[in-house]
Structure formats: C-alpha cells, structure tokens
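Read through the structure below, which is laid out as structure tokens, and then see the notes.
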Amino acid sequence: YTVSRALRYVFFVALFLVFLLAIFILLLQRMVRTRTAQLTATQAHLQATLDALPDILFEFDAQGRYLDYHAPRNHLLAVPPEKFLGKPVADVLPQGVAQLVLDAIQEAGANGFSSVKEYALNLPRGETWFALSMAQKTIARKAPHYIALARDITAQKISEQKRLRM
C-alpha cells in the first residue's frame with residue numbers, strides 16, 4: 001500500500017512537471033512568434049526607408065573591400081555589382097576616387113563618420129558628380145564595417161557651373 005501510494009505521488013509530480021514544461025513551451029513559442037513579428041515589421045520599415053533613398057549605399061570593410069550595396073537606380077553604378085562586390089575599391093574605381101573612399105574610411109574609423117567628399121565619375125550617361133559621406137558600423141566582436149552614402153549631385157554641379165559662367 002505504501003509503495004503504491006509513493007508511485008502515485010511520483011506519477012502526479014511527474015505529470016505536474018510535464019504540465020509546467022508544456023506551459024513553458026507554449027509561452028516560449030508565443031514569445032518567439034511575437035518577437036519574430038516585431039523583427040519582421042522592423043525589417044519592413046527599414047527596407048521601406050532604404051528604398052525611399054535615391055542615394056547609393058555601399059558597405060566596406062576597413063581595407064576598402066565592397067561587402068554590400070543598395071542602389072535604387074543601377075545606372076548610377078560605375079560597374080555592375082558582380083564586378084565590384086568582394087573587391088577592393090582600388091580595383092574598381094579610378095585611383096583618385098578610390099583614394100578618396102579610403103580616406104573617408106580612415107576618417108570614419110577615427111571619428112565615427114567622415115566629412116562629405118565630392119567626386120566625379122565618367123558613367124555611360126556622362127560625367128556624374130557624387131557627394132560621399134561615410135559612417136562606421138560597429139559589429140559586436142567583429143572588425144568594424146563602414147557604410148557609405150553616395151548622392152548624385154550632378155544637377156547641383158551643373159547649376160553651379162552655369163552660375164559661375166554668368
């Protein structure tokens with residue numbers, strides 16, 4: 001009779017523990033679903049913000065290697081993405097422009113951001129002017145990356161040149 005009672009007690013304790021574990025798993029699943037929905041909403045918001053920018057965005061490592069990009073209009077790229085991703089900027093852009101990008105990376109590494117730098121590229125549509133700004137992207141326990149924003153300022157440059165000719 002005592003063994004039977006002890007077995008019943010163990011059975012009910014085990015059943016109670018399984019019940020608690022099931023509740024814990026259900027709560028954990030609910031938390032994961034909620035957090036996933038929040039992350040999805042945040043990602044959609046950030047993507048919409050990025051898509052609204054007319055600028056070209058590049059991600060570089062400290063050595064000036066192209067890691068990623070976002071361009072709403074590919075006609076502003078000096079070369080197609082498959083020809084620059086994973087390559088150093090010095091292998092892709094003219095020497096003066098490549099050095100300007102590397103200087104901006106160094107400045108962003110020292111200050112967290114760089115001052116705006118202007119440069120021109122000869123693209124199929126003609127000479128195109130850009131304003132480059134750079135910021136350091138800190139990644140936990142990894143070497144920093146750098147986010148560059150290149151804004152097409154050709155129209156401003158043309159207006160400036162017309163004004164100077166008057």
Side-chain angles (χ1 to χ4, degrees), residues 27-166:
L27 288 174
L28 194 57
Q29 287 176 334
R30 185 178 194 184
M31 289 170 54
V32 166
R33 277 194 304 274
T34 301
R35 188 67 180 131
T36 301
Q38 289 171 341
L39 288 172
T40 301
T42 299
Q43 184 179 18
H45 174 77
L46 290 174
Q47 188 63 49
T49 302
L50 190 59
D51 291 343
L53 294 174
D55 307 320
I56 304 170
L57 185 136
F58 296 103
E59 184 171 348
F60 295 100
D61 66 11
Q63 291 72 43
R65 186 174 311 278
Y66 288 94
L67 302 174
D68 200 1
Y69 85 104
H70 179 272
R73 302 176 308 216
N74 280 350
H75 72 278
L76 291 176
L77 295 173
V79 296
E82 58 273 6
K83 293 194 178 189
F84 69 80
L85 286 174
K87 295 192 171 110
V89 70
D91 292 354
V92 177
L93 296 176
Q95 182 181 0
V97 177
Q99 189 58 54
L100 183 132
V101 171
L102 293 172
D103 291 346
I105 289 172
Q106 280 188 330
E107 187 180 342
N111 304 325
F113 62 93
S114 73
S115 59
V116 175
K117 299 172 184 338
E118 294 181 356
Y119 64 94
L121 289 175
N122 288 317
L123 300 179
R125 71 180 204 163
E127 184 178 62
T128 306
W129 281 88
F130 295 93
L132 176 75
S133 55
M134 184 90 59
Q136 185 173 343
K137 174 184 171 184
T138 306
I139 305 168
R141 296 185 293 279
K142 287 189 179 181
H145 289 180
Y146 299 87
I147 301 297
L149 203 62
R151 174 164 288 168
D152 180 2
I153 58 167
T154 306
Q156 292 165 301
K157 283 293 188 178
I158 291 170
S159 293
E160 229 176 77
Q161 289 170 353
K162 284 181 183 177
R163 198 172 52 247
L164 290 174
R165 280 188 233 148
M166 292 181 164

Gap between atom [atom2] of [Y] and atom [atom1] of [X] - 0.5 Å precision:
X      : Y      : atom1 : atom2 : answer
Asp68  : Asp61  : CG    : CG    : 12.5 Å
Gln161 : Trp129 : CD    : CH2   : 7.5 Å
Leu28  : Arg33  : CG    : CZ    : 10.0 Å
Thr128 : Ile153 : OG1   : CD1   : 11.0 Å
Met134 : Leu132 : CE    : CG    : 4.5 Å

Output every pair passing ring-ring contact (aromatic ring centres under 6.0 Å, His included) with a member in residues 71-124, not counting sequence neighbours, ordered by first then second residue.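 Listed once each, the pairs are Phe58-Phe84, Tyr66-Phe84, Tyr69-Phe84, Tyr119-Phe130.
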Would you mind writing out the side-chain donor-acceptor pairs for residues 37-54 within the sub-3.5 Å range, not counting sequence neighbours?
residue	atom	partner	partner atom	Å
Gln38	OE1	Arg35	NH1	3.2
Thr40	OG1	Thr36	O	2.8
Thr42	OG1	Gln38	O	3.0
Gln47	NE2	Asp51	OD1	2.9
Thr49	OG1	His45	O	2.9
Asp51	OD1	His70	NE2	3.1

Ignoring hydrogens, what is the shortest heavy-atom contact between Val116 and Ser133? Give both atom names and the distance.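 Result for this residue pair: CG2-CB, 4.3 Å.
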Glu127: partners by salt bridge (charged side-chain N to carboxylate O under 4.0 Å, His left out), with sequence neighbours left out: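 With sequence neighbours excluded, Glu127 shows a salt bridge (charged side-chain N to carboxylate O under 4.0 Å, His left out) to no residue whatsoever.
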List for me each residue that meets salt bridge (charged side-chain N to carboxylate O under 4.0 Å, His left out) alongside Arg125, sequence neighbours excluded, and say none if there are none. Asp152
side-chain contact (heavy atoms from CB on, under 4.5 Å) partners for Gln136, two or more places apart: Thr138, Pro144, Tyr146
Could you list the donor-acceptor pairs under 3.5 angstrom formed by side chains in residues 85-108, with sequence neighbours left out?
residue	atom	partner	partner atom	Å
Lys87	NZ	Lys83	O	3.4
Gln99	NE2	Asp103	OD1	2.8
Glu107	OE1	Lys117	NZ	2.7
Glu107	OE2	Ser115	N	2.9
Glu107	OE2	Ser115	OG	3.4

